[in-house]
Amino acid sequence: MSGQSTTRTVPGSGGSGTARTGRTGQVLSNVAVALGLVLFLGGFAWGAVVYRPYTVPTTSMAPTIDAGERVLAERVDGGEVRRGDVVVFRDATWSNAPMVKRVVAVGGDTVACCGDGKLTVNGKEIDEPYLPDDPMARSSVFPEVTVPKGRLFLLGDERSGSLDSTAHLTDAAGGTVSRDAVQARVDAVVWPMDGMLAEPTGFKTLGPLSTPGPLASVLAAIVGGAVLVLAGAAYGPLAKRAAASRARAGAGSSGGR
């Protein structure tokens, strides 16, 4: 009819684009969930293979580790242990249970305490900031000991009350423990969440220190995986709400013409 104009819309021109966007979003959502599950479960599996949890029953390692706290210890070979490491070990002459102490000297070292209040290893004074502030808790006087090859000399950080190498000086091994007795090296206190142990920098003058295990990477994989799973799972409900909102807006616009 004259004087009238007709506007035609190509069928599906708007809907197809929205559908393609929705399909792409759903694919990305599924990928995020799948990748997240791999990271999350893989992180737990990795941690279970590399680490062992232990509960420290005494205050002999205070204030670094208090009684009742839970630690994660990396499974290591005794040959990898270096000065300053906090290790879990089992020695038949000490106890039938795993014990946690700090390695202060290794095979070939001479160790003594305390001429002027500080531990000496190979004649060098060792700065130990992890020890208690109380001078009485830091004291553990013992004569110079030469550590045999393949063995370790261990002390608790709470020196005055720790049943460590100083309590076994009269044993056949002179208070030392075989490297083979080491089961793991403590990386962190996880309950309460005190975090990674401080680096024992005082021993750097005697040689390289141990490198922390992959705990940070394990936690990153677990947390990252959880975030991806939650983000991917949230896409569906959010996309439906967005589509419903667009539909309502479109209906309102059509009704107002």
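Quick note: residue numbers are just sequence positions, from 1.
Residues Gln183 and Tyr54 are in side-chain contact: their nearest non-hydrogen atoms beyond the backbone lie under 4.5 Å apart. Contact annotation: the side chain of Asp187 never approaches that of Leu72 to less than 4.5 Å [non-hydrogen atoms, C-beta and beyond]. Taking the side chain as every heavy atom from C-beta outward, Val71 and Val190 never approach each other to under 4.5 Å. Between Val86 and Arg185, every side-chain heavy-atom pair lies at or beyond the 4.5 Å cut-off. Side-chain contact between Val145 and Thr110: absent, with no pair of heavy atoms (C-beta onward) separated by less than 4.5 Å.
Atoms OG and CG, from Ser140 and Leu119 in turn, are 9.0 Å apart once rounded to the nearest 0.5 Å. Once rounded to the nearest 0.5 Å, the distance linking CZ of Arg82 with CG of Leu209 reads 8.0 Å. Between atom CG of residue Asp91 and atom CG of residue Asp180 there is a gap of 11.0 Å, rounded to the nearest 0.5 Å. How far CD1 of Ile126 is from SG of Cys113: 11.0 Å, rounded to the nearest 0.5 Å. To the nearest 0.5 Å, atoms CG (Asp85) and CZ (Phe203) are separated by 9.5 Å.
Thr55 and Arg70 share a donor-acceptor pair across their side chains, judged by distance under 3.5 Å alone. Between the side chains of Glu144 and Thr146, no donor-acceptor pair of N or O atoms lies under 3.5 Å.
Across every non-hydrogen atom of Gly225 and Leu39, the tightest pair is CA-CB, 3.8 Å. The two residues Thr176 and Pro148 have their closest heavy-atom pair at CG2-CD, 3.9 Å. Between Arg102 and Gly84 the shortest heavy-atom distance is NH1-O, 2.9 Å. The two atoms that bring Gly175 and Ser165 nearest to each other are O-OG, 2.6 Å, heavy atoms only. Nearest heavy atom pair, residue Phe142 against residue Val111, reads CE1-O, 3.7 Å. In terms of heavy atoms, Phe153 sits closest to Gly174 at CE1-O, 4.1 Å.
Using the six-membered ring where Trp is involved, His168 and Trp94 have ring planes that are parallel, under 30° apart on the 30 and 60° scheme.
Under the 4.5 Å side-chain heavy-atom criterion for grouping Ile, Leu, Val, Met, Phe, Trp and Tyr, Met196 is connected to Val218 within one hydrophobic cluster. Criterion: ILVMFWY side-chain heavy atoms under 4.5 Å apart, direct or through other members. Under it, Leu35 and Phe40 are not part of a common hydrophobic cluster. Follow the hydrophobic side-chain contacts under 4.5 Å out from Met99 and you reach Leu154 in the same cluster. Leu215 and Val50 fall within a single hydrophobic cluster, where Ile, Leu, Val, Met, Phe, Trp and Tyr side chains are chained together by heavy-atom contacts under 4.5 Å. Both Leu206 and Val147 are part of a single hydrophobic cluster, where members link through side-chain heavy atoms under 4.5 Å apart.
By the side-chain contact (heavy atoms from CB on, under 4.5 Å) test, Leu131 is found to be paired with Glu128, Arg138, Asp157, Arg159, residues two or more places apart in sequence or in another chain being considered. With sequence neighbours excluded, the residues satisfying side-chain contact (heavy atoms from CB on, under 4.5 Å) with Asp66 are Ala62, Glu69. With sequence neighbours left out, the side chain to side chain donor-acceptor pair (under 3.5 Å) criterion links Ser162 to Lys101, Asp164.
By the neighbour-count criterion of 12 heavy atoms within 6.0 Å, atom CG of Leu163 is sparsely surrounded, having that number or fewer from other residues, nucleotides or ligands.
Two rings, from Tyr51 and Trp46, have their centers 6.0 Å or more apart.
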List the steps and the verdict of side-chain contact (heavy atoms from CB on, under 4.5 Å) for Thr201 and Asp127.
-> CA-CA 8 Å; Thr201 53; Asp127 184 31; 5.6 Å; no
Test log, rule side-chain contact (heavy atoms from CB on, under 4.5 Å), inputs Val106 and Arg179 = CA-CA 9 Å; Val106 298; Arg179 283 184 175 271; 3.6 Å; yes
Intermediate values then yes/no, side-chain contact (heavy atoms from CB on, under 4.5 Å), Thr64 and Leu197 | CA-CA 8 Å; Thr64 305; Leu197 297 191; 3.9 Å; yes
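Within the 3.5 Å criterion, the main-chain N or O of Gly79 finds a donor-acceptor partner in the side chain of Asp77.
Taking a cutoff of 4.0 Å between a charged side-chain nitrogen and a carboxylate oxygen, Arg83 and Asp109 qualify as a salt bridge.
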